[in-house]
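Right, one structure below, let's go through it.
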Protein chains: 2
Amino acid sequence: MKRKALYRKPLATTGSQAKKSEQTRSLILETALELFTERGYEETTMRAIADKAGVALGNTYYYFRSKEHLIQGFYDRLHELHRETCVPIIQRERTLKGRLLAVMRQILVNMEPYHQFAGVLFRSAADPHSPLNPFSSESEAVRKESVEWFAEVLKGTRVPADLETELPELLWLYHMGIVLFWIHDRSAKQVKTRRLMELTVEIITRLISIASLPLMRPLRKSAIELLTTLRQDVA
Amino acid sequence: MKRKALYRKPLATTGSQAKKSEQTRSLILETALELFTERGYEETTMRAIADKAGVALGNTYYYFRSKEHLIQGFYDRLHELHRETCVPIIQRERTLKGRLLAVMRQILVNMEPYHQFAGVLFRSAADPHSPLNPFSSESEAVRKESVEWFAEVLKGTRVPADLETELPELLWLYHMGIVLFWIHDRSAKQVKTRRLMELTVEIITRLISIASLPLMRPLRKSAIELLTTLRQDVA
DNA sequence: GTCTATAACCGGATAGAC
DNA sequence: GTCTATCCGGTTATAGAC
């Protein structure tokens, strides 16, 4: 299994020392991800990871507080991959629909290799007490950046003014919903998720474009009130 | 902590024998639920449950294949409580909005005592490989019944014909979304979820009532296509 | 078929020495 | 930072009693 080496988190320490520990950390994470994708999360023991990486069991716990935190490492990498691939798309595509479609498509492409063990990822993400929970403070940085991308997706397109502040967060939430469906998707190469995504992007762009009509005003009001309530909890 | 004794699953065996084993099963589940709500799921050991229930450790495994399966027991009870409380509501309330509001309110009331350990419940539910996953075959019976209640909620109200078959499943999905939010809701007595629910019920009933307008036809078409795709995966 | 008692296994997590 | 030893708890196995 080939993977781009995306993980690097240059710490503010002096040169080679920091580099060494960063290498060990990276080695452990790399090994863990390999084993996870090979034989699954539950089937991979911490001892096996330590063995294959050639370090002591205790050492893996020095770098990752728990087995779950290894998933957090995966999460971070995936996020970085999303950034590298999605930002150019936003610059290239000029319409809302074109951008949203291309970005969502790219996200699905990026995640595809990890479909088999993504269930575990979400299992943790769903637990309100887990650091992996996308609403948790630990995930705040990543979440904020993602929401900003969706703000970029909207930039320069026609959107009702009162919706403008709420929409990026809503699109992020939508994207989480698609990921949730993807995790449960058993169809070959997750074609169903792709179809679902294409249809919902169609609906969303339509909804946004008719949202300005006077007929829709009371509905839009309710929706905005709703989003304000929702946001208080997310932020 | 008081709780209605709702669990009974009369097996097709002869009288007192079956009753006895059913009592033991019930006792174990009851004890487990008590400890879970008292001190949390992770903090409750299988040994502690066995001790407090006054049975041998092995016996708890005789009745419940794993610690997770105890949650399934909780799930079943909650569902039965929902049935007992929601069916009368549907008979009493006559409008769509009134029914949906009252049913959703009741569901939140029923769940309230379990908010603290509900996270774990959902943690398992989110795993596509877990039997607790609401889309799994093990959960099919419960899911089907829930969807039927939502069909009852719609019965006798004005709904566009082409949406009629899809809406019950969609409302069930909506209710799952509310539960998801509720799990993550940290506000006192989960008032935020309640507010969110009230606002979304408002939006949903509005959406349904304007869905028949000619202007909305293309949007409704897309939505129905989407739901058909979605259903193939759920069913 | 229902239940007890006890020991053992396995793997995630921790403590503390170097 | 790295290791070894140990703990802890979910789970399994066994052997026997009613």
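Quick note on labels: first sequence line is chain A, next is B, and so on, each numbered from 1.
Within the structure, ring-ring contact (aromatic ring centres under 6.0 Å, His included) pairs that include any residue of residues 39-72 of chain A comprise A:Phe36-A:Tyr41 (at least two apart or interchain).
Going from atom CD1 of A:Ile49 over to atom P of C:dG11 covers 12 Å, rounded to whole Å. What separates CG of B:Asp51 from C1' of C:dT6 is a distance of 14 Å, to the nearest Å. As a whole-Å value, the separation of A:Glu43 CD from C:dC10 C1' is 14 Å. Atom OH in A:Tyr63 sits roughly 18 Å away from atom C1' in C:dA13 (whole-Å rounding). Rounded to an integer number of Å, the gap from CG of B:Leu27 to P of C:dT2 is 15 Å.
Residues B:Thr200 and B:Tyr174 bring a donor and an acceptor atom of their side chains to less than 3.5 Å of each other.
Remark: the backbone N or O of A:Ser146 is not paired with any side-chain donor or acceptor of A:His82 at under 3.5 angstrom. At distances below 3.5 Å, at least one donor-acceptor pair connects side-chain atoms of B:Ser187 with backbone N or O atoms of B:Lys192.
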- Along nucleotides 4-18 of chain D, 5' to 3', which nucleotides get a B, which get an S, and which get a -, given that the test is a protein heavy-atom distance under 4.0 Å? B----BBBB------

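With sequence neighbours left out, the side chain to side chain donor-acceptor pair (under 3.5 Å) criterion links B:Glu148 to no other residue.
The side chain of A:Tyr62 contributes no N or O atom lying less than 4.0 Å from OP1 or OP2 of D:dT2. The side chain of B:Ser21 places no N or O atom within less than 4.0 Å of a non-bridging phosphate oxygen (OP1 or OP2) of C:dG1.
Residues A:Val103 and A:Cys86 share a closest heavy-atom pair of CG1-SG, 4.0 Å.
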